[in-house]
A.B. asks: 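First, the structure itself, so that you have it in front of you.
These values consider heavy atoms only, across backbone and side chains, with no hydrogens, waters or symmetry-generated copies. Indexing begins at 1, ligand by ligand and atom by atom, following the structure's order. What you see is a predicted model; the values in this text were computed from it and never measured.
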Amino acid sequence: MKQEALDRLFDSLTDREKLAEMTQLVTSLLTGREDMATTGGSLEASLLRSDLDSVGTTLNCFGAAESRRVQDEHLAANPHKIPLLFMADVIHGYRTVFPIPLAMGCSFDCEAARESAEIAARECSAAGVQLTFSPMADLVRDPRWGRVMESTGEDPWLNGKMAAAMVRGYQGGDYEKTGVIGPGHVAACIKHFAAYGASEAGRDYNTVDLSEGMLREYYLPAYLAAVRAGVCMAMTSFNTVDRVPATVNRPLLRGILREENGFDGVVITDYGALYETLAHGACADKREAAKKAIEAGVDIEMMSTCILEHGEELMREDDGIRQAVDEAVRRILALKNKLGLFENPYKDADEEREKALLLCPAHREAARRIAGESIVLLKNENHALPLREGMKIGIAGPFARSRSVLGSWALAGTDGVSLLEGLREAWPQAELRTAMDGELGSLFDGVTDVEDKIDEACAALADCDVILAAVGENQNDTGECSSKTDLRLTKNQRRMVKRLCALGRPVVLVVFSGRPLEIRGEAEQCAAVVQAWFLGTESGTALADVLTGRVNPSGRLAMSFPQTVGQIPVYYNRMNTGRPRLTNGQADRFITRFIDCPNEPLYPFGYGLSYTKFTYSGLRVERSGDGWQVCVTVRSEEGPEGTETVQLYIRDCAASRVRPLQELRGVQRVRLLPGEEREVRFTLTEDDLAFWNGEAFAAEPGGFLAMAGGSSDKLLTAPFSL
Ligand code: NOJ
């Protein structure tokens, strides 16, 4: 629609209609299938039918036929024929489900993340979704938090690259040039702004309290990378930032997001988050919440109705509020226009297209390939892996046959391929035996363990050549509001692993989880450890690819694995403290450490093995133009063709603000033939050395280190200076 027509449409709206445009409700409420009274005060039960007909956006409508029907009804009732905008959580794929984002982070492959988002957009847009609440760019350090599975990990640089790649995948590569979200694409929403991942103790929705430097250097960069990639929408977070809930936090939303970083898209609250500011104790009532949200720069209130109920009064009293409401409504209409909804309110929703695309072979093939890249091999003693054809293979544990391997937030997904099915497909003739393979229930259903069939399992698998212990946590115990204090495997799973190891056969631990679990004891006992995460639709096939050696593992941890819960938070890009070790002859006692556990994680960020041994040499830093070239040679020393994830880190040795020991600044995935050697080059600029000095991002002159290698704990080092 041309701008003049959009302006005319805007001018024809009443105040009440503008406020309804700023309100988002689930589709079941709009269509009367669900009752407002059920939501306990966050929604006004006496909203008029005319309000519902003027609501601007909706969430959770799935399927082409249903979304077309809802749109038709809406257009018939809406006095201005303004189409509804359909939003949903399409987090890691739609019907074809990709690995959970944390696993995707472990691929260190931004192109794979872009491709998965593009496929998700193609599928969900055919099913009527026009905007996805993804990517989630919350930096995570605390695996007790269930939502770490939705993030790409603990590193701001990698999270930013991943988030930007996903935005481009969803919105289309042309969006930044044309401003139009074309066919097969959807608008994206960066979330949760800001710092939701820093919830105290990993307890969901809990208080966040960060220094400005920590916020700006670690937590904000990934959201802002998505903003630079043109993301259309940003969602506020449930938590406080500097003791003000993000949803009514004016310095954060209007200040940092819009004014400092030029975000001109739509800001939406999280689900019910504006009403929740009353419980926070930040607003006395809904009226105050509405006022503060509008002033802070919120455009859409999701699943509460403070703005709709009190906005007219506020607009009458205050011209500033009227102006802010007008700006918000213009932004929402502009987003609908970018999606082409005024010309085609269904966008790509089409039953035929839906049938042809959802779970089509090409999408499944991509899901399998990307899942293969997301698997992380953590241990492989005596070449326990890959398995060899002809082996008698035992598979024990709750994930031997489980198809519940999509991971949380796979709202439109169906079953995934189980480990057993994957291995059967790979080696149809192989002798595969399962044991103790009952499903692990969810803590939400009061299930705390699997049935103990350890004696039977040991008897059944005693003569196997190798045993896979397929263990983990229920996928429903990960994701939103799934915080845990105990990250160990359940007791029966731990006992099972111990007894299987005592059989004297090599045991391969295969861990299905949405977070780093505490697996130190089991990892010590087993010959090999494979972190399987929740890999989506093609979980079993992708695992079989790696276990059989068809795919050489290349995943690297995007989040450190703690040795014990007591170490948390444990992350690689930490500061040194004044007492990393004592050099003045005092006893070791007074250094920064635990007395019952090392400081180091069990497995650090960037770590992961391959069936190939790679070696590094010749790191050098050369000045080049305004920046530097960092060169390092990587060689495939032993083993098959494989991909090495070459990582570049920097350290600013002394500065006006204490700097982390390591900060990731480059990644290159290099495929090498046996014996092949390649020089890998990275470019560093002054921006890569910059940090928040209290007023701005700037680099300071002095000494730096460049570090390169295949894991954050095993790097070559070379000095350079600015
Ligand atoms: C609440 C979650 O925090 C958010 O991530 C999600 O997008 C919304 N609900 C909508 O489902």
Side-chain angles (χ1 to χ4, degrees), residues 23-30 34 39-40 42-43 55-62 84-94 100-102 117 120-121 124 128-140 145-152 159 163 166-167 170 186-199 202-206 208 222-223 226 231-241 245-247 265-277 279-280 298-305 407-413 476 478-483 514:
T23 304
Q24 174 165 110
L25 297 176
V26 291
T27 309
S28 54
L29 283 174
L30 293 184
E34 217 174 294
T39 51
S42 58
L43 300 171
V55 156
T57 63
T58 187
L59 80 155
N60 289 355
C61 179
F62 297 105
L84 261 180
L85 199 172
F86 292 83
M87 307 189 184
D89 291 279
V90 179
I91 306 297
H92 51 115
Y94 187 68
I100 56 169
L102 186 56
C124 77
V129 177
Q130 298 161 348
L131 180 146
T132 175
F133 297 128
S134 173
M136 192 263 226
D138 302 328
L139 182 123
V140 291
W145 194 43
R147 302 198 81 165
V148 301
M149 54 95 20
E150 293 173 59
S151 161
T152 47
N159 287 352
M166 288 176 77
V167 168
Y170 288 131
V186 294
C189 170
I190 193 72
K191 69 186 186 185
H192 306 82
F193 199 76
Y196 185 26
S199 304
R203 178 154 60 80
D204 210 355
Y205 318 127
N206 205 2
V208 167
Y223 311 114
V231 71
C232 287
M233 193 160 90
M235 185 188 292
T236 68
S237 54
F238 287 123
N239 54 280
T240 53
V241 173
T247 303
V266 172
V267 171
I268 190 169
T269 73
D270 201 342
Y271 198 102
L274 185 51
Y275 182 65
E276 289 169 20
T277 59
H280 272 289
V298 164
D299 301 318
I300 300 179
E301 179 180 356
M302 186 201 293
M303 284 304 281
S304 61
T305 47
S408 188
W409 286 115
L411 300 185
N476 297 329
T478 76
E480 187 174 350
C481 204
S482 302
S483 301

A.B. asks: Kindly indicate whether the side chain of F193, heavy atoms from C-beta on, has any atom under 4.5 Å from the side chain of S237.
C.D. replies: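 Not touching, per the 4.5 Å side-chain cut-off.
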A.B. asks: Assess, by modelled atom type and distance only, whether the side chains of Y205 and E480 contain a donor and an acceptor separated by less than 3.5 Å.
C.D. replies: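 Yes.
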A.B. asks: Considering the heavy atoms of F133, write down every atom of ligand 1 situated less than 4.0 Å from one of them.
C.D. replies: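 Numbered from 1, ligand 1 contributes 7 (O).
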A.B. asks: Under a heavy-atom criterion of less than 4.0 Å, does F238 contact ligand 1?
C.D. replies: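 In this structure, F238 qualifies as a contact of ligand 1 - some heavy atom is under 4.0 Å.
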A.B. asks: Heavy-atom pairs closer than 4.0 Å: do any link ligand 1 to the side chain of R147, the backbone, both, or neither?
C.D. replies: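 Answer for R147: side chain.
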A.B. asks: With the threshold set at under 4.0 angstrom, would you say M235 reaches ligand 1 through any of its heavy atoms?
C.D. replies: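 Per 4.0 Å heavy-atom rule, M235 contacts ligand 1.
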A.B. asks: Please evaluate residues E150 and D89 with respect to the criterion side-chain contact (heavy atoms from CB on, under 4.5 Å), reporting the C-alpha separation (whole Å), side-chain torsions for both, the decisive distance (0.1 Å), and the verdict.
C.D. replies: CA-CA 11 Å; E150 293 173 59; D89 291 279; over 6 Å; no
A.B. asks: Side chain, backbone, both or neither: which part of H192 comes within less than 4.0 Å of ligand 1 when only heavy atoms are counted?
C.D. replies: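 Under 4.0 Å from ligand 1, H192 contributes side-chain atoms alone.
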A.B. asks: Check each atom of ligand 1 against the heavy atoms of K191 and keep those under 4.0 Å away; list them by number with element.
C.D. replies: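 Here the atoms of ligand 1 in question are 4 (C), 5 (O), 6 (C), 7 (O).
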A.B. asks: Under 3.5 Å, is there a donor-acceptor pair between the side chain of D138 and the main chain of H192?
C.D. replies: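 Yes, because the side chain of D138 sits within donor-acceptor range (under 3.5 Å) of the backbone of H192.
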A.B. asks: Of I91, I268, L411, D89, which has the heavy atom at the shortest distance from atom 10 (C) of ligand 1?
C.D. replies: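 It is D89 that holds the nearest heavy atom.
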A.B. asks: For T57 and Q24, test the side chains for any donor-to-acceptor distance below 3.5 angstrom and give the result as yes or no.
C.D. replies: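 Short answer, yes.
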A.B. asks: Who's the nearest protein heavy-atom neighbour of atom 1 (C) of ligand 1, and how far?
C.D. replies: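 Nearest protein contact, heavy atoms only, for atom 1 (C) of ligand 1 is D270 OD1, 2.9 Å.
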A.B. asks: Relative to each other, are the rings of Y196 and F238 parallel, tilted or perpendicular (30° and 60° limits)?
C.D. replies: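 The arrangement is perpendicular - the two ring planes meet at more than 60°.
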